[in-house]
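All values below come from the heavy atoms of this structure, side chains included, with hydrogens, waters and symmetry mates left out.
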Amino acid sequence: MKNFIKKTFKAFTVISFFTFAASLIFNRAGKMKEESLEKRERSFSVDIPDEWEDLQGQLNKEAVIEIGKQDEDLYLVAIPYDKSHYESFKKFCDYLIDYMQKMYDGYTMISSVREVRNGQDVYIAEGTLRFENVLYDNFVYAIEYSEQYLFVMAWAPQDREGDNQKDFESIIDTIRQL
């Protein structure tokens with residue numbers, strides 16, 4: 001029972017940290033126009049793996065996708081941005097990485113790539129982040145859609161068994177704009 005409480009508290013602390021940090025990022029200049037939550041919920045869809053939970057409303061108030069596998073500290077959030085607020089997709093990607101480096105003490109970008117996935121222009125940055133003596137793999141995805149950019153952030157403990165990036169990408173590949 002003690003381990004369960006300790007794990008639950010740790011998961012809550014990790015979620016709180018990332019939610020706080022993400023809220024700082026997402027409360028930005030050039031905010032999205034206020035939309036009803038009902039409308040935002042229907043703007044994108046994702047196939048949620050069986051072991052994952054829909055965490056809508058728990059991680060970030062602007063997110064259209066919030067899912068996690070809490071027993072393994074795996075989380076993914078997706079937030080749309082209005083394309084008209086940025087000169088180009090490259091400028092949007094630069095903005096995201098700049099904020100990651102400013103907002104997360106100890107964030108290190110390891111690699112980045114721009115590619116086409118499922119017909120969409122996608123920027124992927126892999127990095128690491130330390131929080132409460134745990135090293136996390138952190139993945140930033142920027143996906144270009146016709147009228148919006150979608151920022152997707154995913155994180156998992158680095159010492160987790162399995163391929164974090166592959167696991168996240170199998171989910172991200174199912175995101176669709178409605």
* Mind checking whether Phe92 and Met109 sit in one hydrophobic cluster, side chains of I, L, V, M, F, W, Y counted as touching below 4.5 Å? -> yes

* Asked: Which atom pair, heavy atoms only, marks the closest approach of Ile79 to Glu62?
  -> CG2-O, 3.9 Å

* Structure fact -> residues 48-57 vs salt bridge (Lys or Arg N to Asp or Glu O under 4.0 Å), sequence neighbours excluded, gives none

* **Gln120 side chain reached by Gln177 side chain, heavy atoms, under 4.5 Å** => no

* Asked: Shared ILVMFWY cluster between Val113 and Val122, side chains joined below 4.5 angstrom?
  -> yes

* Structure fact -> OH of Tyr123 to CD1 of Ile143, rounded to nearest 0.5 Å, is 13.5 Å

* Looking at the rings of Phe168 and Tyr141, which for Trp means the six-membered one, are their centres under 6.0 Å apart? -> no

* Asked: Tell me, do Leu135 and Asp159 make a side-chain contact under 4.5 Å, heavy atoms counted?
  -> no

* Interatomic distance, Arg176 atom CZ to Tyr145 atom OH [nearest 0.5 angstrom] -> 7.0 Å

* At what distance, to the nearest 0.5 angstrom, does CG of Leu96 lie from NZ of Lys91? -> 13.5 Å

* Could you grab the distance from atom CG of Leu76 to atom CH2 of Trp155, nearest 0.5 Å is fine? => 8.0 Å

* Asked: Going from CG on Asp121 to SG on Cys93, what distance comes out if it is rounded to the nearest 0.5 angstrom?
  -> 7.5 Å

* Asked: Distance-only, no hydrogens or angles: does the Asn118 side chain make a donor-acceptor pair with backbone N or O of Asp173 under 3.5 Å?
  -> yes

* Of the options Phe151, Tyr149, Tyr86, which is the one that meets Tyr95 in a side chain to side chain contact (heavy atoms under 4.5 Å, CB included)? -> Tyr86

* Asked: Just how far is it from atom CZ of Phe139 to atom OG1 of Thr128, taken to the nearest 0.5 Å?
  -> 10.0 Å

* Asked: How far apart are the C-alpha atoms of Ile65 and Val152, what are their side-chain angles, what is the distance that settles it, and do they pass the side-chain contact (heavy atoms from CB on, under 4.5 Å) test?
  -> CA-CA 9 Å; Ile65 297 170; Val152 180; over 6 Å; no

* **Contact summary for Met153 and Tyr104, nearest pair of heavy atoms** => CE-OH, 3.2 Å

* Where at least one partner belongs to residues 135-150, residue pairs that pass salt bridge (Lys or Arg N to Asp or Glu O under 4.0 Å), sequence neighbours excluded -> Lys83-Glu144

* Checking Glu66 side chain against Gly57 main chain: does a donor-acceptor pair fall under 3.5 Å? -> yes

* Please answer: with hydrophobic residues joined when any side-chain heavy atoms are less than 4.5 Å apart, are Leu59 and Met103 in the same cluster? => yes

* Among Asp167, Ile67, Ile171, Asn164, which one satisfies side chain to side chain contact (heavy atoms under 4.5 Å, CB included) with Leu74? -> Asn164

* If we only count heavy atoms from C-beta on, is the Ile124 to Arg117 side-chain gap below 4.5 Å? -> yes

* Asked: Closest heavy-atom contact between Leu55 and Gly68?
  -> CD1-N, 3.6 Å

* Asked: Can any side-chain N or O of Gln148 pair as donor or acceptor with the backbone N or O of Pro80 at less than 3.5 Å?
  -> no

